[in-house]
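Take a look at the structure set out below.
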There are 2 protein chains.
Amino acid sequence: MDDRFKLENQLCFRLYTASRLITQAYYPLLNVFGLTYPQYLVLLVLWERDAQPVNDIAKRLMLETNTVTPLLKRMEAEGLLKRSKGKEDARQMIVKLKKKGRDLQNKLTDVPETVGGAVLCDSVTPETVPALFGMLDDIIEQLKR
Amino acid sequence: MDDRFKLENQLCFRLYTASRLITQAYYPLLNVFGLTYPQYLVLLVLWERDAQPVNDIAKRLMLETNTVTPLLKRMEAEGLLKRSKGKEDARQMIVKLKKKGRDLQNKLTDVPETVGGAVLCDSVTPETVPALFGMLDDIIEQLKR
DNA sequence: TATATTTGCATCGTGAACGATATAAATGTT
DNA sequence: AACATTTATATCGTTCACGATGCAAATATA
């Protein structure tokens with residue numbers, strides 16, 4: 001067999017699987033509050049800075065607006081945030097947290113540590129994580145072009 | 001701001017983004033042949049060993065059958081493979097490549113190297129890749145439980 | 001042998017992802 | 001000012017992912 005095509009030699013398959021499994025680890029923690037993982041990411045962005053246009057949120061998450069717009073609409077329907085036309089630029093949609101969305105931060109304080117702790121193992125420790133972060137950041141930077 | 005919630009401190013967001021971006025790098029290479037990335041993964045599994053039950057393919061890719069079954073049906077509709085009831089166990093569906101699916105291997109010989117080369121950068125080199133693989137494998141093993 | 005349990009696969013519904021395309025507002029050019 | 005181009009967002013269609021659930025075949029237990 002051609003080794004090039006072995007699943008074990010594929011970086012992408014590892015990233016894809018690791019990403020899926022960590023997302024699954026978030027599931028029970030977020031599902032209690034009716035959140036999905038991408039919705040949680042949007043909250044992270046808005047907790048850092050509230051009232052951002054759709055485009056800024058999309059850029060931060062490196063997603064397209066055709067992914068983010070429906071996501072935001074679902075979150076608006078849940079009462080987590082409000083989307084409203086921009087004042088200075090009428091093309092923009094400004095996304096602002098509502099109380100329900102802001103208050104979730106206090107309820108989710110344990111989430112980062114819980115998931116962070118769940119992945120720790122022999123080769124992934126507080127000491128080695130920075131190196132892993134660096135490699136992943138470089139890969140992302142490389143592919144963003 | 002609470003540093004725990006900063007996007008930059010999230011391992012999962014990096015994995016999620018890196019995975020998405022690499023999958024996008026595959027897109028133009030696979031799309032020429034009408035393939036998606038998960039379909040390509042199925043081909044990798046079947047090229048290694050042909051004629052496997054759905055469950056073995058799903059386990060190998062660490063996916064559920066409710067993801068794999070529709071995927072295989074689409075590939076069957078494309079004429080890449082054939083699904084047929086197992087002889088010894090009537091519950092099983094045996095998935096076997098058709099000529100079109102087998103022949104794709106020769107047409108995709110450059111794909112692994114092309115994508116593999118596209119991610120190389122300062123911190124990700126032939127020397128450091130094994131360490132990265134090891135960490136990702138450990139994370140996956142840890143989360144599989 | 002009858003019944004309970006497990007196993008393998010499928011169906012259903014929802015929510016991403018994302019390529020392709022559309023639309024309106026803003027900006028640039030003539 | 002008229003027109004072209006860019007920008008911000010949205011719509012559409014297709015394909016995953018995946019939790020929940022269903023069903024039939026195989027296996028275990030009574």
Side-chain angles (χ1 to χ4, degrees), chain A residues 12-13 15-32 34-42 52-78 80 83-95, chain B residues 12-13 15-32 34-42 52-78 80 83-95:
Chain A
C12 187
F13 177 62
L15 290 171
Y16 162 78
T17 303
S19 167
R20 283 179 33 246
L21 294 182
I22 300 201
T23 301
Q24 287 175 27
Y26 276 99
Y27 182 79
L29 306 176
L30 298 178
N31 189 46
V32 181
L35 287 176
T36 64
Y37 178 68
Q39 290 174 9
Y40 172 70
L41 290 181
V42 169
Q52 295 192 50
V54 172
N55 205 24
D56 289 16
I57 298 172
K59 280 220 175 74
R60 196 78 208 289
L61 300 178
M62 288 178 262
L63 291 166
E64 301 297 320
T65 60
N66 55 6
T67 297
V68 175
T69 293
L71 190 55
L72 292 172
K73 281 186 169 180
R74 282 186 287 268
M75 294 177 76
E76 185 174 37
E78 291 296 321
L80 297 170
R83 304 177 319 127
S84 48
K85 271 237 176 74
K87 303 283 183 183
E88 77 286 6
D89 189 332
R91 292 171 303 181
Q92 289 185 334
M93 268 305 231
I94 306 296
V95 182
Chain B
C12 187
F13 176 61
L15 291 171
Y16 161 79
T17 303
S19 167
R20 282 179 34 247
L21 294 182
I22 300 201
T23 302
Q24 287 175 28
Y26 275 99
Y27 181 80
L29 306 176
L30 299 178
N31 189 47
V32 182
L35 287 175
T36 65
Y37 179 69
Q39 289 174 9
Y40 172 70
L41 291 180
V42 169
Q52 296 191 49
V54 172
N55 204 24
D56 289 15
I57 298 172
K59 280 222 176 72
R60 195 79 209 289
L61 299 178
M62 288 179 259
L63 291 167
E64 301 296 319
T65 61
N66 54 5
T67 297
V68 175
T69 293
L71 189 56
L72 292 172
K73 281 186 170 180
R74 282 186 287 269
M75 293 177 77
E76 185 174 37
E78 291 296 322
L80 297 171
R83 304 178 319 128
S84 48
K85 271 239 176 76
K87 303 283 184 183
E88 76 286 6
D89 189 334
R91 291 170 304 180
Q92 291 185 333
M93 269 303 234
I94 307 297
V95 182

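First the proteins, then the strands, lettered A, B, ... as listed; each starts at 1. Being a predicted model, the structure only gives us computed values, none of them experimental.
Residue B/Tyr37 is classed as having no contact, given no heavy-atom separation below 4.0 Å to the nucleic acid. In this structure, A/Lys85 reaches neither bases nor backbone, as no heavy-atom distance under 4.0 Å exists between it and the strands shown. Within the nucleic acid shown, B/Pro70 has no heavy atom closer than 4.0 Å to any nucleic acid atom. In this structure, B/Glu64 reaches neither bases nor backbone, as no heavy-atom distance under 4.0 Å exists between it and the strands shown.
At D/dC16, none of the side-chain N or O atoms of B/Thr67 fall inside 4.0 Å of OP1 or OP2 (strictly under the cut-off). B/Gln39 has a side-chain polar atom (N or O) that falls below the 4.0 Å cut-off from OP1 or OP2 of D/dC16. Taking 4.0 angstrom as the limit, B/Thr36 places none of its side-chain polar atoms (N or O) nearer than this to OP1 or OP2 of D/dT14. Dashed line: the shortest gap from a side-chain N or O of A/Arg74 to OP1 or OP2 of C/dA16 is under 4.0 Å. Residue B/Arg83 has no polar side-chain atom (N or O) positioned under 4.0 Å from OP1 or OP2 of C/dC9. Between A/Gln24 and D/dC18 there is a side-chain polar atom (N or O) within less than 4.0 angstrom of OP1 or OP2. For B/Arg20 and C/dC18, the shortest distance from a side-chain N or O to OP1 or OP2 is below 4.0 Å.
Taking the nucleotide of DNA chain D with the nearest heavy atom to each of A/Tyr16 and A/Asn55, the more 5' of the two is matched to A/Asn55. Projected onto DNA chain D by closest heavy-atom contact, A/Thr69 and A/Thr23 fall at different nucleotides, the more 5' of which corresponds to A/Thr69.
Put simply, the side chain of A/Arg91 and the base of D/dT9 share no donor and acceptor less than 3.5 Å apart. A donor-acceptor contact under 3.5 Å is not formed by the side chain of B/Asn31 with the base of C/dG19. With hydrogens and angles left out, the side chain of B/Asp89 and the base of C/dG8 share no donor-acceptor pair within 3.5 Å.
Judged by distance alone, the side chain of A/Tyr37 and the main-chain N or O of A/Gln24 form no donor-acceptor pair under 3.5 Å.
For the pair A/Gln92 CD and D/dA10 C1', the computed distance is 15 Å after rounding to whole Å. Remark: C1' of C/dG15 and CG of A/Leu63 are 13 Å apart, rounded to the nearest angstrom.
Taking the six-membered ring for Trp and thresholds of 30 and 60 degrees, A/Tyr40 and A/Tyr26 have ring planes inclined between 30 and 60 degrees apart.
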